[in-house]
> 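So that we are looking at the same thing, I have put the structure below in structure tokens.
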Amino acid sequence: MNTLEQAEIDLLRSKGFEFTTTFFGKEKVWRTKKMSLSRLLDLSNVYVKIEVNEDILDSGTMKEFITENYNSVRKNAKKAAYAIAISVSDSSIVRFFLAKHFLRSLDNQELNEIAQKLFKQADYQNFMHSITLMNGSRITKPQVI
């Protein structure tokens, strides 16, 4: 089996993925942890706070587009770094320091790759299916008294 196919299977089976940064002068390999419900909740709390004005990005002038790019970085870089820290650590104190490290270490391309893999690993669609099944399909509705 191809190594890329195996990496995709491992990602979808919640085995996580790896990425590297230079940590105190040495290459450090980080592995994302299993996407438990509490980790999904923590990530979702960060994701809903991310602010991007898509109207300006789609139809604004070049000046507005560039300004929105700068504002997006200013508003969201720390949030993105913290989301990555959530994916590799369980401790909130460690997450704080890791977020600062990732903010200084990762570039745009690495952030994009990690964000796409995190979204696949989180598998929000599976969560929604599970919640729907737990709700259950009611055949009859109780009558209001």
Side-chain angles (χ1 to χ4, degrees), residues 1-139 141:
M1 184 181 293
N2 188 346
T3 56
L4 292 175
E5 290 174 347
Q6 185 61 46
E8 186 76 15
I9 290 170
D10 289 346
L11 178 63
L12 293 173
R13 293 179 67 205
S14 296
K15 290 188 178 180
F17 60 92
E18 296 177 347
F19 60 95
T20 60
T21 63
T22 303
F23 194 64
F24 292 115
K26 295 182 181 179
E27 288 288 314
K28 168 76 173 151
V29 177
W30 303 96
R31 175 173 273 289
T32 58
K33 298 189 178 284
K34 179 181 178 184
M35 284 295 155
S36 64
L37 291 177
S38 65
R39 193 174 315 280
L40 277 176
L41 181 62
D42 291 344
L43 283 171
S44 295
N45 285 333
V46 173
Y47 292 159
V48 298
K49 294 175 186 172
I50 290 178
E51 302 173 38
V52 178
N53 188 343
E54 294 180 19
D55 294 335
I56 291 176
L57 292 177
D58 290 338
S59 63
T61 65
M62 183 58 83
K63 179 182 175 185
E64 291 172 331
F65 178 78
I66 292 171
T67 303
E68 183 57 29
N69 281 333
Y70 292 146
N71 284 332
S72 290
V73 171
R74 184 178 53 82
K75 292 177 187 175
N76 300 313
K78 290 180 182 178
K79 295 171 190 170
Y82 192 70
I84 296 168
I86 289 171
S87 71
V88 298
S89 175
D90 292 325
S91 168
S92 59
I93 296 169
V94 173
R95 287 176 182 174
F96 174 78
F97 292 108
L98 285 179
K100 292 205 175 285
H101 167 68
F102 293 143
L103 192 62
R104 284 184 239 114
S105 301
L106 298 174
D107 63 20
N108 294 332
Q109 182 179 0
E110 292 167 325
L111 175 63
N112 184 27
E113 291 172 5
I114 292 169
Q116 288 181 11
K117 289 179 181 178
L118 268 179
F119 192 71
K120 283 182 188 176
Q121 185 183 3
D123 199 4
Y124 285 98
Q125 185 176 7
N126 232 356
F127 176 79
M128 291 306 297
H129 287 304
S130 301
I131 294 301
T132 304
L133 288 172
M134 291 171 78
N135 183 31
S137 299
R138 295 189 173 101
I139 298 172
K141 291 184 180 181

> Strictly distance-based, threshold 3.5 Å: is any side-chain N or O of Lys33 a donor or acceptor partner for the main-chain N or O of Asp90?
no
> Measuring from atom NZ of Lys100 to atom NZ of Lys78, what distance do you get when rounded to the nearest 0.5 angstrom?
5.5 Å
> Check step by step if side chain to side chain contact (heavy atoms under 4.5 Å, CB included) holds for Leu103 and Tyr82.
CA-CA 8 Å; Leu103 192 62; Tyr82 192 70; over 6 Å; no
> Does atom CZ of Phe96 have more than 12 heavy-atom neighbours, drawn from other residues, nucleotides or ligands, at distances under 6.0 Å?
no
> Which heavy atom in Ala85 sits nearest to a heavy atom in Ala99, and how many Å separate them?
CB-N, 3.8 Å
> Does Tyr124 OH have over 12 foreign heavy atoms under 6.0 Å away?
yes
> Are more than 12 heavy atoms from other residues, nucleotides or ligands located less than 6.0 Å from atom CD of Glu27?
yes
> Output, in order, the C-alpha distance, side-chain angles, deciding distance and verdict of side chain to side chain contact (heavy atoms under 4.5 Å, CB included) for Asp42 and Arg95.
CA-CA 11 Å; Asp42 291 344; Arg95 287 176 182 174; 3.0 Å; yes
> Using atom types as modelled and distance alone, determine if a side-chain donor or acceptor of Glu110 lies under 3.5 Å from a backbone N or O of Asp107.
yes
> Side chain of Ser105, backbone of His101: donor and acceptor closer than 3.5 Å?
yes
> Say you draw a straight line from CG of Asn71 to CD1 of Ile66; how long is it, rounded to the nearest 0.5 Å?
12.0 Å
> Closest approach of Arg39 and Ile86, non-hydrogen atoms and distance?
NH1-O, 2.6 Å
> Do Ser38 and Ser36 have side-chain N/O donor and acceptor atoms under 3.5 Å apart?
yes
> Is there a donor-acceptor pair under 3.5 Å between the side chain of Glu68 and the backbone N or O of Asn53?
yes
> With distance as the sole test, does Ser72 use its side chain to make a donor-acceptor pair with the main-chain N or O of Val52 at under 3.5 Å?
no
> With a cut-off of 6.0 Å (strictly less than), are more than 12 heavy atoms of other residues, nucleotides or ligands near NZ of Lys49?
no
> Would you name the heavy atoms of Leu118 and Met35 that are closest together and state the gap between them?
CD2-CE, 3.6 Å
> For the atom pair CD1 (Ile114) and CH2 (Trp30), what is the distance rounded to the nearest 0.5 Å?
11.0 Å
> Got a second to check how far Phe19's CZ is from Phe102's CZ, nearest 0.5 Å?
4.0 Å
> Does Ser91 offer a backbone N or O that forms a donor-acceptor pair with the side chain of Ser89 under 3.5 Å?
yes
> Check whether more than 12 heavy atoms from other residues, nucleotides or ligands sit under 6.0 Å from atom CG of Leu41, and answer yes or no.
yes
> Looking at every non-hydrogen atom in both residues, tell me the closest pair between Arg31 and Val88 and how far apart they are.
O-CG1, 3.8 Å
> Any chance CG of Asn108 has more than 12 other-residue heavy atoms, nucleotides or ligands included, within less than 6.0 Å?
no
